[in-house]
Amino acid sequence: MLDLVPLFVLIPLGAAFACLLVKKRAPAVAPWLSLVSVVALLGLAIAGVVQGTSGAAIAGGWSLETHLGTSFLPGIVLVFDGLSAMFLLLVAVVSTAVLLFGLRYMDTYDGRPLYYALLSLLIAGMNGAVLAGDLFNLYVFIEIASIASYALVAFGTGGREIEAAFKYLMLGAVASSSILLGIAVLYASTGLLNMADLGAAIAAGQVSEATLLAVATLFLAGLGLKAAMMPFHAWLPDAHPSAPAPISAMLSGLLIKTLGIYALVRVLYVVIGMDGVLGGSLQTLLLVLGCLSMVGGVLLALGQTDLKRLLAYSSISQMGFVLVALGTNTWLGVAAGIYHALNHALFKSALFLSAGSLERLTGTRDITEMGGIARVAPATTLGTVGASLSIAGVPPFNGFWSKLLILIALFSAGLPVVGAIAAATAVLTLVTFVKVQHKALFGALPERLKDIKDVPASMSLPVVALALLCLLGGLLWPLGLQDIVGDAAASVRTDAKTNLAPEQYRTMVHSEGRQP
Amino acid sequence: MSDQQGMSLIVRVVTRWLFGLILVFGLAVALFGHLTPGGGFAGGTIVACAFVLAILAFGGARGPGATFARWASSLDATGALAFLALAILGYTAGAFLHQWAGKGEAFTLGSTPSIVLLNLAILLKVGAGLFAGFIAVALFEQTAESGKGADA
C-alpha cells in the first residue's frame, strides 16, 4: 500500500494533463477521464482506510542522511497515516459526487475540458497537501490547489465571478506568502524542512521562542485564511457563491478543510507543538478566533437571503466549531474537530450541490423568491432536507454527534464559556436552516414555478447519496466509526497528558528512510 | 510597434543569427542539468525565450504565434505526462521516481540517463508553457487595445 501512496497525487495530475491534451480533438473524453481518475482514487482511499497501514513513501528511495550528529531525511516524503487516510477518503467521496453532479450541470458552460482539467488539478493539490511530509511540499501543493481554485471561481467569466476570483487571488496570495515566509524563517533557523525532523528540532529547543512566535503567527494567518477563520474570512462569501455549484461544493466542502484545517492541525500539533513554549497562547488564539468565527459566521448567515451566500457564511461558522475543538489540545477535542470537519464536508457539499439544483430549477438564488419546491422536486428536496438536518445537529445525523462531542470536549477541558457559545451557535444554526427549509422548500409554490420538473437523476442522486452518507455517518458512529476517527486523531494528539504523537510520527517517518 | 511588422532590420538579422544558438544553449543547460547548475526548468525558460524573441522581432503574435501557441499547449501537457510516466517507471526499479539508471557521477554526461530524460520532459513542459503564456498575454493585450480603439 505504501508504495502506491504517490498514486494519490499522480492519478489526478495525469488526468488533468490528459484532459488538456484531448481538449481540442475529443472534448467528450475529458469528463470520463476525470471520473475514472476519481473512482480509482476512491478505490485506493477505501483500501487505505480498511488496511489501516501507516508509514512514509520516500520519492526516489532516498535514505536517512547524517549531519552534525543528527539524522534527517532529504528529498520528498509522503506520509500516510490515519489522519491523511481519512482526508484522502473524504476528498475521493466528495469529488466523485461533485463530478457526477457536474456531468449535466456544466452543460451550460463553455470550455468544459478546462473545467475537468482544473478540477483534477484541484484534487491533485488537495491530495498532495494531505500527504506532504515536508513543509515545502505542503506549500507547493497548497499553491497548486489554490491556483486551480482561483481559476475555477472565475469559470463563469462574468463580471461578478472575475471580481470574486480577483479578490480571492489577492487574499490567497497574501496567505501563501505568509505561509512561505513562515517556512523560510524555520528553514533559516534549523536548515530543515521535513515536518518530523522540524518537530523534533523545535521540541529540543533549537528554535528561539521569539522566532517560533513569528513562525506560529505567520502560519496561523496564512493557513487561517485558507480555512476562512473569522478575521481572514473576507474572500469566502464572494468566492464560494460565484463559482459554479460543483466548484462551490468542492471549495466549501473540501478546500478549506484540506488546505486550512488539516494543514493547521499538522503544523500546530506535529511541527510547532501544542505542548511546547507557545502551547498556551496558541490554544487561547484558536479558542478566541474559533468563537469569533462561530458566532460571526452564523449571525451573518442568518441575515442572508441569497442561498449560496448563506451557505458560505455558515461554512465560516462551522469552521469555528472545528477550531475551538482543536484549541482544547486534548485527544477528544481533536477527534471531535476532525469528525466535525468530515461531517461538514459531506453536508456542506450536499447543500451547495442542491443550491445549484434549486438555482437551475427556479432561476434565482434568493430564497424569498422560492417556495414549495418540495412539491415539484421531491428528490432534490430529500437530499436538501437530509443535509440541513445534519448541519442543524438533529439526531441521529452525523452533525449531532460531532457537535455533541465538541461540547463534551469543551466542558471536560474546563472551558464552559466556550462550550456555552458553541451550544448557542448550534441553536442559531438550527434557526438558519429552519428558515431555509421554510422559505425555499415548503410553503406556497409561486405561480411561475408551477410547471417545473425536478433536475435529472445525475444531479439529484449525488445530493441524496451525500445526505445518506450523513445519516450513515451518524448511525455508524457508535458502531465502529468512532474507533477510526479516534485513531486518526491519535496520529496528531494522543490520549495522554503530554502528546506522544509527534515522536511516533518521527519514528514512523524515519523507519522508512533506513540508513544505506 | 505594429503586430505584423515586428522590429527593425538590425534586430531581425541578429535574431536570425541568435535563434539557433539560444535553442542549443537551452538544450545544453537542460542536458547537463545533473552536472552543472541549470536543468529542465532553466533550459525550458531559455528555449521559450528564443521563441519569444522571434515573435517580438518578426511580429505575428496573432498569425503564426497563435498557431504555435496551440501546438505549445499540447506539448506542455505532453511534457507533464512524460514526466509522470518517467516517475511511474521508477516503480520498476523499486520506488516512485527511483533513478533506475544510476544517481549520476560528476563530470559524466551519460551516467544517469533517467535524470536526463526527466530534465528533457521538464524542458518541454516549461518551454511550451511559458511560450503559450506569452502568446496568451500578447493576444489579450492586442484584443484589449483593439477593443478600446473600437469604442473610441
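Order of the sequence lines fixes the chain letters, A, B, ..., with proteins taken first and strands second; residue numbering starts at 1 for each chain. This one's a predicted model, so the numbers in the text were calculated from it and none came from an experiment.
No more than 12 heavy atoms of other residues, nucleotides or ligands lie within 6.0 Å of CZ in B:Phe51, so this atom counts as exposed by the packing criterion. Applying the 6.0 Å contact sphere to CG of A:Leu169 captures more than 12 heavy atoms from other residues, nucleotides or ligands. No more than 12 heavy-atom neighbours from other residues, nucleotides or ligands sit within 6.0 angstrom of CZ on A:Phe136. Within a 6.0 Å radius of CZ in B:Phe25, other residues, nucleotides and ligands contribute 12 heavy atoms or fewer. Within a 6.0 Å sphere centred on OH of A:Tyr187, heavy atoms belonging to other residues, nucleotides or ligands number 12 at most.
Taking every heavy atom of both residues into account, B:Asp76 and A:Phe17 meet most closely at OD1-CE2, 4.5 Å. Contact record, A:Leu21 with B:Ala77: CD1-CB, 3.7 Å, taken as the closest heavy-atom pair.
By the 4.5 Å heavy-atom criterion applied to side chains, B:Ser74 and A:Lys23 are not counted as neighbours.
Heavy-atom pairs under 4.5 Å with chain B were tallied for A:Leu10, A:Leu7, A:Leu20, A:Val22; the largest tally goes to A:Leu10.
Residue B:Tyr91 touches chain A through its side chain alone, counting heavy-atom pairs closer than 4.5 Å.
Donor-acceptor pairing under 3.5 Å is lacking for the side chains of B:Ser73 and A:Lys24.
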